[in-house]
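A short write-up of the structure that comes next.
Convention: sequence-line order gives letters A, B, ...; per-chain numbering from 1.
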Amino acid sequence: MTNTFGKGHHLHLIDGSAFIFRAYHALPPLTRKSDGLPIGAVSGFCNMLHRYVEGNTGPDAPTHVAVIFDKGSHTFRNDMYDLYKANRDAMPEDLRPQIPLTRRATEAFNIACKEKEGYEADDIIATLAVQARAAGGRCTIISSDKDLMQLVGDGVEMLDAMKNKRIDRDGVFEKFGVYPERVVDVQALAGDSVDNVPGAPGIGIKTAALLINEFGDLDALLERAAEIKQPKRRQTLIDHADQIRLSRRLVLLDEATPLDFTLEDLEVRTPDPDQLMPFLAEMEFRTLTKRIADQLKVEMPEINDTPANAPAAPEIADVPFDKAGYSQVDSAEALQGWIDQIYERGYVAVDTETTGLNEMTAELVGISLCVEPGTACYIPLIHKAAGSDDLFGSDDLAEGQMPLETALEMLKPVLEDESILKIGQNMKYDAKVFAQVGITVAPIDDTMLMSYAMHGGLHGHGMDALSERYLGHTPLPIKPLLGSGKSAITFDKVPLSEAVPYAAEDADVTLRLWQQFKPALHRAQVTKVYETLERPMVAVLADMERAGIKVDRDTLSRMSNAFSQKMAALEDEVYTLVGRKFNVGSPKQLGEILFDEMGLQGGKKGKTGAYATGADVLEDLATEHELPRRILDWRQLSKLKSTYTDALQDHINPDTGRVHTSYSIAGASTGRLASTDPNLQNIPIRSEEGRRIREAFVAEEGKTLVALDYSQIELRILAHIADIPALKTAFDDGQDIHAMTASEMFDVPLDEMTPEIRRQAKAINFGVIYGISGFGLARNLRIPRSEAQGFIDRYFERFPGIRAYMDDTKAFAKEHGYVETLFGRRIHTPNIGAKGPQAGFAARAAINAPIQGTAADVIRRAMIRMPAAIAELPAKMLLQVHDELLFEVDQGAQDALIEAARSVMESAADPVVHLDVKLTVDAGQGPNWAVAH
DNA sequence: GACATCACG
DNA sequence: GACGTACGTGATGTCC
């Protein structure tokens with residue numbers, strides 16, 4: 001029988017989540033030998049538990065112990081403040097399936113394992129610690145989390161297990177400058193960027209402690225804030241009193257969490273070999289199993305991690321590609337066999353076949369699965385029987401297919417199962433296809449994105465290229481199956497005898513790439529980049545693309561007609577000026593007319609022997625003759641009509657009435673997204689005529705478009721990376737950065753600044769980002785090269801950090817073959833050591849990449865956090881344009897959306913990177929994009 | 001399919 | 001001392 005917990009008893013409370021994360025990050029991504037299941041965190045966790053149990057001897061040993069876990073992501077703190085922990089990076093997806101295993105591990109060690117839905121582990125810990133103290137016993141909290149320090153004192157201590165350091169009241173004072181009972185007051189003022197507790201802006205722990213010690217406690221401080229001597233500090237506290245009180249409620253732990261167990265239930269129990277040994281053997285931890293078996297003096301259990309027991313782990317190179325291993329699934333029984341295999345392994349490579357490349361209109365035709373190299377299947381679902389598509393033929397389905405609904409019903413639980421990792425190549429495509437049939441695929445891994453994280457800048461990341469490069473195998477091409485041109489067919493018309501080997505092979509290739517990339521990711525030190533910047537984008541972008549944006553066909557159509565008329569008029573004028581008709585859209589014909597027939601000067605032929613007739617050339621010629629200006633006007637209209645008013649109409653989805661772009665995550669080498677089909681990242685804005693096209697991008701009835709864009713993000717990042725104090729100060733003071741540069745460069749006081757001088761300085765600022773050269777600047781500003789070089793020299797003189805950054809970056813690229821963003825994204829620069837003009841290109845690209853890439857990383861982080869931050873609002877994120885996010889929101893909720901989204905965007909770098917320069921976000925709203933931007 | 005041109009950040 | 005150059009994208013039309 002157990003005694004009532006009380007004097008003489010000693011309770012240990014282990015912060016389980018802290019153990020897990022420490023284990024996960026301390027170890028390389030180990031996988032279970034028999035089947036590749038990610039198991040690194042479980043391994044580390046077990047070792048830590050074991051070490052903990054071993055260390056519990058002597059008079060100070062605990063009499064009671066429990067490991068406490070978090071449960072659920074939504075807690076009562078989110079109800080108080082929806083941005084609480086909103087800037088947390090999502091849990092790595094290879095960690096998620098390991099969480100339940102750490103619970104099992106705890107139980108296997110015969111240690112109590114507690115959690116409660118809607119509460120953080122910290123609250124349970126607080127409740128138990130207070131109970132133990134009230135009962136007259138002692139309590140040690142095994143954690144280094146500063147949020148728990150408020151509990152210390154009167155029998156409660158903390159123990160940092162890694163440093164083996166005990167923290168008592170004096171230890172807390174050392175950390176916070178106050179004793180435990182005032183810790184929440186200090187935290188409320190200082191805030192916490194990790195948990196996104198706002199606090200008071202500009203006040204850190206030191207200042208907070210100073211204030212609390214002076215006034216006694218937080219309530220007294222807020223009440224008597226007017227007495228604070230420093231004016232700025234005084235105003236901050238007065239302005240943010242509510243926010244500070246909210247922060248205190250967020251950091252204050254709930255010491256009365258309702259629990260369905262008592263302290264007595266936590267009494268220390270000795271390990272039970274019959275529970276522990278089978279678990280360790282199942283995890284295939286050889287060393288640990290042996291050690292514990294010896295200590296418990298029991299027999300070492302057999303561990304079956306050999307290929308005989310483990311069909312999934314043969315060496316990749318050993319298994320040849322052979323279609324004999326590819327089967328067609330034609331029945332529920334056969335599919336169930338595959339599903340059983342998937343559950344045994346915990347992962348599966350998936351690929352979908354559809355009727356087209358556009359996920360919004362394409363129909364699901366079949367699904368392929370692979371759980372082991374060389375063994376894959378294809379589940380055809382709606383392939384048509386041969387000849388069924390004849391003009392008067394039937395629409396019969398081919399033989400040997402199971403019903404679509406049955407297959408989806410069976411696969412849905414697998415594809416949505418938290419503990420089953422779904423592996424794909426370009427998973428955004430497959431995720432969208434599955435979303436169309438009501439299946440939310442998660443968790444996922446994506447071989448295309450793994451390659452992008454490791455090999456960005458080196459080569460493309462399409463499956464065929466990856467397979468050839470990393471598997472030495474050329475996958476079956478799709479062309480012979482579908483044909484080309486007018487006679488091309490869709491995949492549902494492909495005979496099953498050809499479809500099965502093609503589709504199954506794709507899943508096979510994907511799985512093999514994954515087995516190779518998964519450990520390689522860690523070796524290349526880009527696991528973090530992949531986990532935090534690549535993989536989470538898949539779901540975010542899939543949702544945005546599926547949402548689409550409403551485009552008003554009538555507006556476009558009317559504009560198109562107007563453009564046509566203007567173009568026709570311009571054409572007549574052009575023909576009169578030239579004296580005959582010709583194709584105005586042909587640069588070749590135009591060049592010959594301008595320079596050969598009319599004899600205008602300045603004609604330059606490019607490498608193909610044709611005259612250049614670009615806008616810059618025509619702009620120069622416009623002073624000599626009327627024709628170039630007409631051509632320029634015509635070209636502008638032609639561009640707007642063909643690319644925008646006409647093409648955009650063809651992209652309006654008939655079902656949704658909206659335009660759905662597709663973003664490539666792995667397209668641009670710097671980390672930027674690219675938008676295609678249609679490209680919605682280059683909708684006109686710079687010219688007044690073009691800008692009107694944005695009027696056709698409208699909000700749905702009763703809604704409003706909201707646009708938020710980062711102000712000068714690349715220059716701010718440059719100021720941080722190159723460490724330019726003058727730029728930093730200017731940004732922090734909200735100055736006009738180009739005017740400030742001009743003033744500094746040309747010794748003109750700000751109040752005497754002219755637009756012309758400012759324009760030149762602006763060009764220089766941008767030039768710096770692009771890897772400035774005298775030639776390039778001269779051409780851009782249309783000034784002599786020597787003058788441009790003079791500007792650059794002066795710029796370097798005024799901001800010496802810039803030149804150092806450029807030189808350092810080039811040297812780094814030469815030495816390593818890549819450059820890095822602040823978040824660790826690597827952009828390879830294979831041409832950096834080349835001879836000739838190539839080297840110049842590569843050097844400028846290397847200088848630009850960390851700046852452009854860091855900005856891209858920042859907005860990616862904002863986008864990844866955005867869904868959670870706006871979950872409670874009637875709003876959707878629709879588009880990203882490099883430094884801008886566009887939302888659609890119910891009328892009335894605009895201001896709430898702007899507040900939430902701006903907060904996410906402005907703090908997107910936190911807590912991984914602390915920028916010396918603050919990021920600011922401008923917001924606009926309106927019925928259409930022209931107004932909102 | 002290459003090239004020139006031009007739309008965006 | 002000469003070389004040729006601003007960074008990153010995608011779509012369209014011409015021409016071969």
Side-chain angles (χ1 to χ4, degrees), chain A residues 456-457 582-591 605-619 631-632 634-648 650-651 661-664 667-687 689-691 693-694 709-715 718 763-781 785 788 792 809 819 827 829 834-853 855-856 859 879-884 933:
Chain A
F582 71 104
N583 188 343
V584 186
S586 165
K588 184 165 172 278
Q589 292 178 34
L590 177 69
K605 292 185 177 179
K607 42 190 160 231
T608 52
Y611 287 113
T613 68
D616 50 344
V617 176
L618 296 186
E619 202 69 52
I631 300 287
L632 283 169
W634 183 89
R635 278 192 185 164
Q636 187 194 14
L637 295 174
S638 165
K639 180 81 175 183
L640 294 177
K641 178 168 151 56
S642 69
T643 309
Y644 299 104
T645 57
D646 290 353
L648 222 37
D650 300 335
H651 282 284
T661 184
S662 178
Y663 288 101
S664 6
S669 60
T670 53
R672 271 196 180 178
L673 301 177
S675 161
T676 64
D677 307 304
N679 181 355
L680 296 186
Q681 289 182 320
N682 70 346
I683 303 302
I685 192 165
R686 291 175 189 170
S687 77
E689 296 237 72
R691 193 189 175 97
I693 297 211
R694 296 189 172 219
D709 67 293
Y710 283 108
S711 163
Q712 307 285 7
I713 186 168
E714 292 195 355
L715 275 175
L718 174 71
I764 299 166
N765 276 333
F766 279 108
V768 166
I769 291 174
Y770 298 152
I772 202 160
S773 75
F775 185 93
L777 183 64
R779 204 178 64 167
N780 191 280
L781 285 177
R785 195 174 160 176
I792 294 170
T809 305
V819 292
I827 297 118
T829 57
K835 293 267 174 287
Q838 275 198 83
F841 279 112
R844 288 191 298 274
I847 289 166
N848 174 256
I851 304 168
Q852 187 182 116
I859 196 164
L879 298 180
Q880 187 247 46
V881 191
H882 308 307
D883 62 358
E884 169 185 359
H933 182 85

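A salt bridge (charged side-chain N to carboxylate O under 4.0 Å, His left out) check over residues 837-847 of chain A, counting only residues at least two apart or in different chains, returns nothing.
Nucleotides of DNA chain B lying under 4.0 Å from heavy atoms of chain A occupy a range whose first and last members, 5' to 3', are dC3(B) to dG9(B).
Take Lys639(A) and apply the salt bridge (Lys or Arg N to Asp or Glu O under 4.0 Å) test, not counting sequence neighbours, and it matches no residue. Remark: Asn765(A) pairs with His738(A), Thr741(A), Tyr795(A) by the side-chain hydrogen bond (donor to acceptor under 3.5 Å, both in side chains) rule, at least two apart or across chains. In this structure Ser638(A) satisfies the side chain to side chain contact (heavy atoms under 4.5 Å, CB included) test together with Met567(A), Trp634(A), sequence neighbours excluded. Taking the side-chain hydrogen bond (donor to acceptor under 3.5 Å, both in side chains) definition, one finds that Thr809(A) meets it with nothing, sequence neighbours left out. Contacts of Leu879(A) classified as side chain to side chain contact (heavy atoms under 4.5 Å, CB included), with partners at least two apart in sequence or in another chain: Ile549(A), Thr661(A), Tyr663(A), Leu680(A), Leu886(A), Trp929(A). Tyr611(A) is linked by a ring pair (Phe, Tyr, Trp, His ring centres under 6.0 Å) to Phe595(A), counting only residues two or more places apart in sequence or in another chain. His882(A) pairs by the side chain to side chain contact (heavy atoms under 4.5 Å, CB included) definition with Arg672(A), Gln681(A), Gln880(A), not counting sequence neighbours. For Gln636(A), the side chain to side chain contact (heavy atoms under 4.5 Å, CB included) partners two or more places apart in sequence, or in a different chain, are Leu640(A), Ser687(A), Glu689(A).
Side-chain to base pairing of Arg844(A) with dT5(C): one donor and one acceptor N or O lie within less than 3.5 Å of each other.
In terms of modelled atom types and a separation under 3.5 Å, the side chain of Asn848(A) and the main chain of Ile769(A) share a donor-acceptor contact.
Between the CD1 atom of Ile847(A) and the C1' atom of dG8(C) there is a distance of 15 Å, rounded to whole Å. When the P atom of dA6(C) is taken as reference, atom CD1 of Ile851(A) falls 18 Å away, rounded to whole Å.
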Checklist entry - For DNA chain C, what is the dot-bracket line, given that a base pair needs Watson-Crick (N1 to N3, plus N6-O4 or O6-N4) or G-U wobble (N1-O2 and O6-N3) geometry with both distances under 3.5 Å, and | means paired with another strand? => result ......|||||||||.
Checklist entry - Nucleotide by nucleotide, 5' to 3', does protein get under 4.0 Å of the base (B), only the sugar-phosphate (S), or neither (-) in nucleotides 10-16 of chain C, counting heavy atoms? => result BBSSSSS
